[in-house]
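Here is the structure we will look at, set down as structure tokens.
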Protein chains: 2
Amino acid sequence: MKYSSPYVPPTLTVDAVIFQLHGDKLEVLLTQRESDPFKGEWALPGGYNAVGSTTIEALTEIVLRKTGVDLDNDLAYIEQLYTFDTVARDPRGHAVSVTYMGCSRAITLGTGSQHAEFFPVDRLPNLAYDHASIITYAQERLAAKLTYTNAVSGLLDKKFTLSQLQTAYEAVMGRLLDKRNFRKKFLTLNLIHETPDTWRDGAHRPAKLYAFNSSSLEVLSRSFD
Amino acid sequence: MKYSSPYVPPTLTVDAVIFQLHGDKLEVLLTQRESDPFKGEWALPGGYNAVGSTTIEALTEIVLRKTGVDLDNDLAYIEQLYTFDTVARDPRGHAVSVTYMGCSRAITLGTGSQHAEFFPVDRLPNLAYDHASIITYAQERLAAKLTYTNAVSGLLDKKFTLSQLQTAYEAVMGRLLDKRNFRKKFLTLNLIHETPDTWRDGAHRPAKLYAFNSSSLEVLSRSFD
DNA sequence: GCAAAAGTGTTTGGGATACACCCATGC
DNA sequence: GCATGGGTGTATCCCAAACACTTTTGC
């Protein structure tokens with residue numbers, strides 16, 4: 001800090017890594033940049049945070065405007081991820097970005113957002129800034145989160161089958177799990193209960209639908225995996 | 001974000017939560033504020049982050065100047081903790097604070113730092129700003145970190161006894177552990193090795209000294225607790 | 001010899017892992 | 001009747017937890 005010059009803060013920006021599950025693929029929400037730098041490339045939805053707004057307020061406004069996704073209503077869950085502050089990460093000058101990670105149940109993007117799209121995390125386009133590494137970091141955090149909390153509920157519908165639950169874990173963790181062990185263990189955690197409903201989906205036995213007991217984020221009594 | 005007015009970022013500040021172990025107490029480094037707001041009260045060491053400096057660069061400079069502690073050389077370990085951004089947290093105006101948490105081996109504070117002191121975390125003075133809740137959050141993070149990494153090495157001397165190791169865990173976790181189970185488990189993790197040296201300390205059997213195999217942060221094969 | 005911390009093993013219960021077949025449905 | 005995904009149980013191993021006495025030293 002220089003005492004001899006007046007204090008000038010860096011630019012403050014916010015960015016969101018928003019995941020959803022589509023079939024058996026984990027996807028992330030991106031927007032296409034409309035202007036330089038990185039015009040035409042894909043990037044995480046984000047923008048400037050001016051004085052007077054908290055990071056989450058600024059982010060909510062920006063993501064809604066750029067993608068049509070409403071963090072307050074469309075997301076099951078959001079948390080602060082990390083603050084990236086490498087001086088050179090934005091070619092326009094020193095910008096510090098506070099990033100958030102969230103999970104949404106499957107969303108259909110509104111028509112007003114032709115420049116926003118979900119991409120599978122294993123088939124991302126070229127990304128602007130350091131956003132590729134931010135996504136990798138978010139995915140690691142999400143995988144860790146699934147092992148010690150009920151965060152997976154944020155990726156599923158209110159009612160879901162045990163196979164869908166297992167698929168969600170497999171998509172985030174990136175590996176296959178044993179069906180019998182998975183069910184036995186998850187049911188003994190007492191996080192979910194059966195509902196009277198069933199899920200019919202083609203030429204096979206219908207599946208029981210389950211629901212989470214709690215809709216808020218809870219820490220597991222013993223960690224998963 | 002207002003389009004009609006030029007972009008003005010909030011103030012950016014940095015703060016450090018630096019822990020050390022003193023006997024069987026976990027302590028945290030505080031400085032006494034020399035000016036308003038909160039003049040005379042204790043606070044985490046921190047200050048302004050101007051454009052051009054990364055948060056960790058700014059923090060290193062500030063902590064060295066205010067407390068004499070050199071983050072680069074005196075700390076075994078430091079990591080970003082969280083970014084606090086409530087608009088009202090600083091009475092002078094909207095300030096966003098990027099906080100860091102670190103562990104130091106027992107430090108003797110230099111003479112130039114009569115306004116810096118380590119306080120036991122269970123006997124803190126009144127704290128300025130929202131610093132009390134930041135310390136609580138940091139302590140939770142540190143406790144979690146000890147369960148799945150070798151971070152405890154940052155709180156101990158290079159060579160240490162198994163009793164000192166157990167005391168470190170007990171101080172951070174806030175509960176007592178069984179001596180035989182603790183030793184059995186920790187030794188099977190293959191993180192530490194015996195040294196030829198012993199520690200003599202009064203009228204009782206001397207203790208073997210151990211050392212960590214790796215000085216960098218590693219994730220445990222199975223989590224501790 | 002005595003006070004004080006270091007050091008050491010066994011038993012038991014629960015959860016993790018590995019593994020293969022029957023069930024209900026649509027066509 | 002057959003293809004498709006839903007649903008279920010057992011045996012083994014390893015780890016967590018509970019628990020008390022002997023050893024080495026300084027005085």
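Labels below follow one simple rule: chain letters A, B, ... track the order of the sequence lines, proteins then strands, and each chain is numbered from 1.
Using modelled atom types, one finds no donor on one side chain facing an acceptor on the other under 3.5 Å when comparing B:T161 with B:S163. For the residue pair A:T55/A:Y100, the side-chain donor-acceptor check at 3.5 Å is satisfied. Judged by distance alone, the side chains of B:T31 and B:T67 never bring a donor and an acceptor atom under 3.5 Å apart.
Between the side chain of A:S214 and the backbone N or O of A:S216 there is at least one donor-acceptor pair closer than 3.5 Å.
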Listing time: all N or O pairs from protein to nucleotides 4-7 of chain C that are below 3.5 Å?
from, atom 1, to, atom 2, distance (Å)
C:dA4, N3, B:A203, O, 3.3
C:dA6, OP1, B:S163, OG, 2.8
C:dA6, OP2, B:S163, OG, 2.8
C:dA6, N7, B:K179, NZ, 3.4
C:dG7, OP1, B:K208, N, 2.7
C:dG7, OP2, B:R183, NH1, 3.3
C:dG7, N7, B:K179, NZ, 2.7
C:dG7, O6, B:K179, NZ, 3.3

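Axis angle, first five pairs versus last five pairs of the helix from C:dG1-D:dC27 to C:dC27-D:dG1: 0°, rounded to 10°.
Within the model, atoms CD of B:E57 and CG of B:D72 stand 9.5 Å from one another, a figure rounded to the nearest 0.5 Å. With values rounded to the nearest 0.5 angstrom, A:L162 atom CG is found 5.5 Å from A:L187 atom CG.
If you take CG of A:L177 and C1' of C:dC19, they are 15 Å apart, rounded to a whole angstrom. Whole-Å rounding puts the A:L176 CG to C:dA18 P distance at 13 Å. Here the C1' atom of nucleotide C:dA18 and the CZ atom of A:F182 are 17 Å apart, to the nearest Å. Atom C1' of nucleotide C:dT17 and atom CZ of A:F224 are separated by 13 Å, given to the nearest angstrom.
Residue pairs meeting the salt bridge (charged side-chain N to carboxylate O under 4.0 Å, His left out) criterion with at least one partner in residues 128-154 of chain B, sequence neighbours excluded, are B:E79-B:R141, B:E79-B:K145, B:R89-B:D130.
For DNA chain D, none of the residues of residues 147-154 of chain A falls under the heavy-atom distance limit of 4.0 Å.
Of the candidates B:Y169, B:F212, B:F186, B:W199, B:F160 forms a ring pair (Phe, Tyr, Trp, His ring centres under 6.0 Å) with just one, namely B:F212. The side-chain contact (heavy atoms from CB on, under 4.5 Å) test with B:D74 is passed by exactly one of B:I107, B:V63, B:L64: B:I107.
Taking the ring centre of A:Y210 as origin, the terminal cationic atom of A:K159 falls outside the region bounded by 6.0 Å and 45° from the ring axis.
Ion pairing of B:E41 with B:R33 is absent here, as no side-chain N (NZ or NE/NH1/NH2) approaches a carboxylate O to less than 4.0 Å.
Under a cut-off of 6.0 angstrom, the local environment of CZ in B:R222 is crowded, with over 12 non-hydrogen atoms contributed by other residues, nucleotides or ligands.
In this structure B:K25 satisfies the salt bridge (charged side-chain N to carboxylate O under 4.0 Å, His left out) test together with B:D122, sequence neighbours excluded.
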Could you run down nucleotides 12-18 of chain D 5' to 3' and tag each one B, S or - for protein heavy-atom contact under 4.0 Å? ---SSBB

